[in-house]
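Following: one structure in structure tokens, then a few remarks.
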Amino acid sequence: MASNKKIVLVTGSNKGIGYGIIEMLLEKKTNLRIILTSRNEDLGKKSFNKLLNKYPYSKDYFYYHQLDITNKESISNLISWIRSQFGKIDYLVNNAGLGTHGVTTDINLHVSVLEVNVFGTINFTEEMIKNNMLNKKGKIILVGSMMGNLNRLNSYKLKNDFKNAKTTQDLLNLGEAFKNSCLKGTVEKDGWCSNSYCVSKMIVNSYPRILSYRKEIENNDISVYSAHPGWVKTDMTGPEAPLTIREGAENEVFLIELPDGINKEYQGKYFDRFKVASFG
Ligand code: NAP
């Protein structure tokens, strides 16, 4: 059925903060069509059905689709489905992510964190932009983190490389350089911080600034933000985190609900719980 309700899609929303964002939007009865996505279809459908049972009034504007942001075929299937169902979407919330549960010597885990948080997130976003999947006055929100503070880097040069990055490729090169240091065992010697999660979120926090320079973003009046949700109790963190999932979702819902159209004060910026902040 044709609808003029705007469309929001949240990646990795079968649990944790992504699920919290979807639930808050359903509960608020916002004037949106809402898409829950997950890499594991069974887990995603289970979460979708749980929410549908709790909010039965949402049945005409609540949808599920599989999405693994590291898988080309999955991205391409999602894009085809969006095209056939809606044409385009309005708000993309890049929430999917992987943590390291603190500092670890497991190189494979470090590489997986980069594959999801950096290469997966950027590649999926770039595919959405390349395929022109966002309506004018849309939004791209990246779930970043205060763990991605550039002051965690031990090298002044690397910090400048982050600050001077101008293109997506510059950010991907930083991700590749860190990955190589991990594989060679030279992370500390090369001036990185030893937690791949922190480095991955330095890249995620920086990405909206890079996107804000792009013609496709500016010409289509698309707002781009990154957001630290706070330290939230989820499977990624554990029980010692002080915030509930609901509190963690508030910052992202706040950004979804900001007025549409580019606000120069906010464009490309990093938000720490409702306020523009610095990440080093
Ligand atoms: P979570 O409960 O572990 O949820 C992470 C979600 O990402 C899960 O749905 C997971 O799916 C999904 N995911 C992982 N890899 C994926 C992939 N390749 N494709 C699609 N989805 C994938 O963690 P969370 O704490 O809610 O984290 C959500 C976001 O918030 C992350 O980006 C995280 O870095 C960020 N963040 C969290 C905190 C915090 O305190 N919790 C603080 C700052 C930032 P599966 O269920 O299949 O694993």
Side-chain angles (χ1 to χ4, degrees), residues 9-24 35-48 50-51 64-78 92-102 108-125 127-128 140-149 152 195-208 225-253 255 270-274 277 279:
L9 181 146
V10 184
T11 67
S13 45
N14 54 297
K15 67 174 184 178
I17 295 166
Y19 182 91
I21 296 169
I22 300 261
E23 175 152 27
M24 190 172 284
I35 307 172
L36 184 154
T37 65
S38 67
R39 64 173 162 180
N40 178 304
E41 192 156 350
D42 290 341
L43 292 178
K45 284 187 170 162
K46 209 168 152 196
S47 302
F48 175 79
K50 189 172 160 195
L51 287 170
Y64 169 77
H65 203 276
Q66 194 274 344
L67 172 67
D68 179 340
I69 60 167
T70 62
N71 183 298
K72 272 187 173 174
E73 199 186 337
S74 171
I75 295 174
S76 151
N77 287 342
L78 175 86
L92 168 60
V93 184
N94 278 309
N95 163 79
L98 206 59
T100 51
H101 294 288
N108 291 334
L109 180 57
H110 284 304
V111 171
S112 299
V113 166
L114 293 173
E115 293 303 341
V116 175
N117 298 4
V118 175
F119 304 116
T121 298
I122 292 182
N123 180 45
F124 170 58
T125 310
E127 283 298 314
M128 291 292 281
I140 301 176
I141 298 164
L142 279 299
V143 181
S145 173
M146 67 179 291
M147 298 290 278
N149 192 301
R152 288 174 185 272
N195 189 335
S196 59
Y197 180 78
C198 298
V199 175
S200 76
K201 290 296 176 177
M202 291 174 196
I203 294 177
V204 172
N205 291 346
S206 305
Y207 188 37
Y225 313 116
S226 60
H228 170 57
W231 187 21
V232 183
K233 239 185 277 308
T234 64
D235 286 353
M236 188 181 285
T237 50
E240 68 278 14
L243 298 183
T244 61
I245 284 176
R246 190 187 172 77
E247 288 167 322
E250 283 169 348
N251 198 29
E252 293 70 37
V253 171
L255 293 174
Y270 164 80
F271 283 71
D272 186 341
R273 294 198 56 77
F274 322 117
F279 59 95

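Order of appearance sets the numbers: ligands from 1, and atoms from 1 within every ligand. Hydrogens, waters and symmetry mates play no part in the numbers below; they use all other heavy atoms, side chains included.
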### Task
Tell me which part of Lys201 gets within contact of ligand 1: side chain, backbone, both or neither, using heavy atoms under 4.0 Å.
side chain
### Query
At a non-hydrogen distance cut-off of under 4.0 Å, which region of Val116 contacts ligand 1 (side chain, backbone, both, or neither)?
side chain
### Message
Tell me the contacting part of His228 for ligand 1: side chain, backbone, both, or neither, using a 4.0 Å heavy-atom threshold, strictly below.
### Response
side chain
### Message
So that I can tick it off, tell me whether Arg246 and Glu23 are bridged by a salt bridge, with the cut-off set at under 4.0 angstrom between side-chain N and carboxylate O.
### Response
no
### Summary
Check: of Asn14, Thr11, Asn94, Ile245, min heavy-atom distance to atom 10 (C) of ligand 1 comes from Asn14
### Message
Counting only heavy atoms, tell me which of Gly144, Gly44, Ala249 gets closest to atom 44 (C) of ligand 1.
### Response
Gly144
### Query
Of all the heavy atoms in Gly230, does at least one lie under 4.0 Å from an atom in ligand 1?
yes
### Query
What part of Leu67, side chain, backbone, both or neither, has a heavy atom within less than 4.0 angstrom of ligand 1?
backbone
### Message
Taking CD in Glu73 as the centre, count heavy atoms belonging to other residues, nucleotides or ligands within less than 6.0 Å. Is the count above 12?
### Response
no
#### Entry: N/O donor-acceptor pair under 3.5 Å between Arg39 side chain and Gln66 backbone
no
### Query
Is Ser38 in polar range of ligand 1, meaning some N or O pair under 3.5 Å apart?
no
### Query
Is any side-chain heavy atom of Leu51 less than 4.5 Å from a side-chain heavy atom of Leu36?
yes
### Message
Heavy-atom distances under 4.0 Å decide this one: backbone, side chain, both or neither, for Thr237 against ligand 1?
### Response
side chain
### Message
Minimum distance, heavy atoms only, to atom 25 (O) of ligand 1: which one of Thr37, Thr234, Ile75, Asp68 is it?
### Response
Thr234
### Message
Heavy-atom distances under 4.0 Å decide this one: backbone, side chain, both or neither, for Ile17 against ligand 1?
### Response
both
### Task
Give the ring-plane orientation class for His228 versus Tyr270, where under 30° counts as parallel, over 60° as perpendicular and anything between as tilted.
parallel
### Query
Of the backbone atoms (N, CA, C, O) and the side-chain heavy atoms from C-beta on, which set of Tyr19 has a member under 4.0 Å from an atom of ligand 1: side chain, backbone, both, or neither?
neither
### Task
Sort and list the pairs that fulfil side-chain hydrogen bond (donor to acceptor under 3.5 Å, both in side chains) and have at least one residue in residues 198-207, not counting sequence neighbours.
Asn117-Ser200, Glu126-Tyr207
